[in-house]
There are 2 protein chains.
Amino acid sequence: MTVTLADVAARAGVSAATVSRVLNSNYPVAEATRDRVLRAVAELEYVANGPASALAAATSDLVGILVNDVADPFFGILASAVQSEMSGDSTSGGEKLAVVCNTGGSPERELTYLTLLHRQRAGAVVLTGGATEDPAHTAALAARVARLSAAGTQVVLCGRPPLAVGVPTGDGGSAEGPAGASSASGADTGPAPLTVAFDNRGGARSLTEHLVALGHRRIGCVAGPEGLTTTRHRLEGHRAALAAHGIEDVPGRTVHGAYDRASGYAAAHELLRQDEDLTAVVAANDTVALGVCAALREHGLRVPEDVSVAGFDDLPFSTDAVPALTTVRLPLTEAGARAGRLAMGREPAPADGVVLLSSELVIRKSTAPPYS
Amino acid sequence: MTVTLADVAARAGVSAATVSRVLNSNYPVAEATRDRVLRAVAELEYVANGPASALAAATSDLVGILVNDVADPFFGILASAVQSEMSGDSTSGGEKLAVVCNTGGSPERELTYLTLLHRQRAGAVVLTGGATEDPAHTAALAARVARLSAAGTQVVLCGRPPLAVGVPTGDGGSAEGPAGASSASGADTGPAPLTVAFDNRGGARSLTEHLVALGHRRIGCVAGPEGLTTTRHRLEGHRAALAAHGIEDVPGRTVHGAYDRASGYAAAHELLRQDEDLTAVVAANDTVALGVCAALREHGLRVPEDVSVAGFDDLPFSTDAVPALTTVRLPLTEAGARAGRLAMGREPAPADGVVLLSSELVIRKSTAPPYS
DNA sequence: CTGTTAGCGCTTTCAG
DNA sequence: CTGAAAGCGCTAACAG
C-alpha cells in the first residue's frame, strides 16, 4: 500500500533508524549512506507519516493561528503576516504547517480549536484579535492556554491584552467543574504565553482629540460589539479624549454593533435619530466607517462638509474610499510578524512577555472642521 | 506527565478499549459505563492525542483549505464558507480541524502544503483560486493530487478548472525524475478529485458585452497575472465579446498585472499612455478596478462620465465604492459551501465530478454610455 | 456489552 | 557512524 520508512530502509539497504536520521538531519550520517537513502526516498516517492512521527517524537510540525473572521482583511493581513513568519521560510529545513483557524468570533469555537490544536500537539498557537470579556469564557480560555503551555506549546496573543495569569483550579462561578485529582502541583508550566498588543486606547484617544481640535463637540461613536477587549479599549480612549476637553459623554451618542459595514450603516441611522446635529462620527473600524458614510449620504449629509467620519485600523481600502478615510493606523503586518517570530522562538521574548505596538493617526479627507 | 487513555481507563475502572469506544461513540457502551468514563475524562481533563489516534486509525481529523492570499477578501470569503461547512457543524460529533493554508500564490508553496497535508494524512483538501498554468507545475500538482487521492484524501478544486487526469509516472519534461519501482499499477486510485468552477469566461463576456451595448468601442483591459487559469478565462470572455461585435482587439489595450490595487493603478496609467481616448476599462477584479479608478481620477478623468470602469467578483466593498462598481458577481459563498460539502462527502458528487456555477452581471454606477 | 491482544510508522536510547 | 529493540498513545479485530 503506502510507502513506509521500512520500505525506504530496505531499498537503501540500511536500517529504519538510519533513514530517520537522514530525514531529520539531527544526527551524523555518512555522506554516501545519506545519498543512498535520499535516492530511495525519491524513487519511492516516500512521504513521511506525520502522525507517526508526532507520536514518537511527542511534537508535531503543526502551528495554529486563530482568527475571528478570515473574510475580514484585518485578520487576513494579520494571519498572512503571522503565517509567513511561521512557515519555515526555507531557512532551517524545519517545514512547519502553519494553519489558520476561523472562529467566526464565537468563544466556543475558539475553545474548540484550542482543544483540537492541543490534540494535534501543535508546536505553537497564536490567538489574534480582541478577546471576549465574559468571565466564564476568560476562565475557560485561561485554563486551555495553561494546559497548552504545560504541554510545551508556545502561545502568543496578538491584538489582545495579556491573559490574567495564576488561575488555578477550583475557582468558583465557572459553569464546569473540573474536580480535584489533577496532576502534580506547579512544576511543569511550560513556556509562558506571550503577547503582542496594540495601543487601541491611545489610538482612539488621539483620533477623538483630532476631531475635538478641529472644533467638533457633538461626536457620535459607533463602537464595536460589547464584551470585546478591543471595543472597550477604543471606547475608553474616545471617552478619555472627551473628558480631557470637558465634553460631556452623552449616552445616546454611543451605539454598539458588529465590526462590519451593515452595523455602521444601521448605527449611523440610529445616531442621527438621537441627535440630528452630530458634526462627527468615530467608527469602530474602517469597514464600519464605510457603512456610516453610506447612511450619511442617504440622509443627504456630505462627508466631511456636514459630518466628519473617522475609521480605525487603516485597512488598504481606506485610502480608496471617497473621501479617503481619516483613521488610526495599526501596524498589522509588524504585529503578525512579531507574533509569528515569538511563537517560533525566533525572537527573544521581552522580560514581561508583552510587546506593545503603537498606533498612528492618519489624517485624510473624511474629517474637517464642523460647518456651523 | 500528560494524561493518557490508560489513565482515564484506570480511573474509570474499565479497559482502554472501552474508553476509546465512548470517546468515538462508534460502538455500543452501557449507559452507566459511559457516564463513569466521561466523568473520569472531565476530572482528569483528558485531551486525546491526535497523532496517536491518527496513526492507529490511519485517518486524521485534519482537513485543509489552500488559498492564494488570505489577506484578499475573495479568498477570505471562499475560505470562510468552505471552512464553516467542513468543521463538523455540531451535527455529527465529528469535530474536524479545518485549516486554511496560505500559498501566497506561489506554486512551490502550494506543492509544499499539499505534501505537508499528505504527511498529516488530511481527510480532505480543497484547493481554491486560479491555477498556475505552467506545464511543469501542472504535472507536479497532478502527481501530488493523485497521491493524495490514492491515500484516501478527497481533493476538491474550487474556483479553478478540473485537473487533467491520467497523468501516470514516466512523463518526459518534468524536472524531477521519480523512477520505476513504484507501487502496483492502477488499483487503489482513491476518491477522484472533484471540482467547483466559476464561469469566468461567460461572466467576462457578458460584462464586455454590456459595455459594447452601451456604445463603447475603445475598451481597455487590465488582466490578471499571466499564466493563471482565471486570468486566461476572463480574457477569453472579453475577447469573445469583442470579436462577436466586430471590434478589433488592439494589443496595446490589454495589460497584465497582479490582482491588487497597485497593479490596477499602474495599468491604468499605462493604458492611458497607449491610448488617451479609451472610453472604458474592464479590470481583472474589483480590487484592481479601484486602483484603475484612482489613476483615472488623477488624470482628471471622471468615472463614469469620461471613462466607464468595471470590476469582477462583486466583493463587499464594491457597492461602497464611489461610484458603486459595475461588476460580475461570483457566488463565492455558495462555491465554498459546496466545495466544503463535497469534500466532506455531505453532498453527492455530480457524475462528471464538476459543478459549474454561473455568474451574474451586476450593473451599478461605474459604467455609462461613452461621452463623445 | 467489555476486556485482550496486536500492531499503526516512527524516533530514540543503547550497544556495537 | 549504524543497527536492534523498545515503545509513543490509541484503535480494531477477536474473544468472551
Side-chain angles (χ1 to χ4, degrees), chain A residues 1-38 40-41 44-62 94-95 116 118-123 151-152, chain B residues 1-38 40-41 44-62 93-95 116 118-121 123 151-152:
Chain A
M1 257 282 290
T2 124
V3 185
T4 75
L5 231 212
D7 298 328
V8 177
R11 186 164 233 267
V14 298
S15 74
T18 300
V19 177
S20 169
R21 293 200 263 253
V22 345
L23 257 24
N24 296 297
S25 45
N26 56 1
Y27 211 79
V29 173
E31 190 66 27
T33 319
R34 141 178 275 95
D35 288 348
R36 211 134 35 83
V37 171
L38 257 19
V41 167
L44 263 26
E45 299 190 326
Y46 171 67
V47 175
N49 182 312
S53 320
L55 173 57
T59 91
S60 96
D61 54 1
L62 191 79
E95 262 328 344
L116 251 19
H118 183 180
R119 223 208 261 320
Q120 302 300 326
R121 300 300 185 260
Chain B
M1 257 281 290
T2 124
V3 185
T4 75
L5 231 211
D7 298 327
V8 176
R11 187 165 233 270
V14 298
S15 74
T18 300
V19 178
S20 170
R21 294 200 263 254
V22 344
L23 258 25
N24 296 297
S25 45
N26 55 1
Y27 213 79
V29 173
E31 190 66 27
T33 320
R34 140 176 275 96
D35 289 348
R36 208 133 38 81
V37 171
L38 258 17
V41 167
L44 263 25
E45 300 190 327
Y46 170 68
V47 175
N49 182 312
S53 320
L55 175 57
T59 90
S60 97
D61 54 2
L62 191 81
E95 263 326 345
L116 252 20
H118 183 179
R119 225 207 260 322
Q120 302 301 326
R121 300 300 187 259

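The side chain to side chain contact (heavy atoms under 4.5 Å, CB included) check on B/A57 picks up nothing, with sequence neighbours excluded. Every residue meeting the side chain to side chain contact (heavy atoms under 4.5 Å, CB included) condition with B/A40, not counting sequence neighbours, appears here in chain and number order: B/V8, B/R11, B/A12.
Taking five base pairs at each end of the helix from C/dC1-D/dG16 to C/dG16-D/dC1 and finding the rotation axis that steps the C1' atoms of four pairs onto the next four gives two axes whose angle is 30°, to the nearest 10°.
The line from CG of A/L55 to CZ of A/R121 is 9.5 Å long, rounded to the nearest 0.5 Å. Atom NE2 in B/H118 sits 6.5 Å away from atom OG1 in A/T2 (nearest 0.5 Å). Put simply, OG1 on A/T4 and CG on A/L44 are 9.0 Å apart, with the number rounded to the nearest 0.5 Å.
The stretch residues 27-37 of chain A participates, sequence neighbours left out, in no side chain to side chain donor-acceptor pair (under 3.5 Å) pair at all. For the side chain to side chain donor-acceptor pair (under 3.5 Å) condition, no pair includes a residue of residues 49-59 of chain B, sequence neighbours left out.
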For residues 16-24 of chain A, which side-chain N or O atoms pair as donor and acceptor with protein atoms under 3.5 Å away, sequence neighbours left out?
from, atom 1, to, atom 2, distance (Å)
A/T18, OG1, A/S15, OG, 3.3
A/S20, OG, A/N24, ND2, 3.4
A/N24, ND2, A/S20, O, 2.8

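Think of the region where chain A sits on DNA chain D: with heavy atoms and a 4.0 Å cut, that region ends 5' and 3' at D/dC1 to D/dG9.
The two residues B/A48 and A/R119 make their nearest non-hydrogen contact at O-CG, 3.1 Å.
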Once base and sugar-phosphate atoms are separated, protein heavy atoms under 4.0 Å mark nucleotides 6-13 of chain C, 5' to 3', with B, S and - as -BBBBBBB
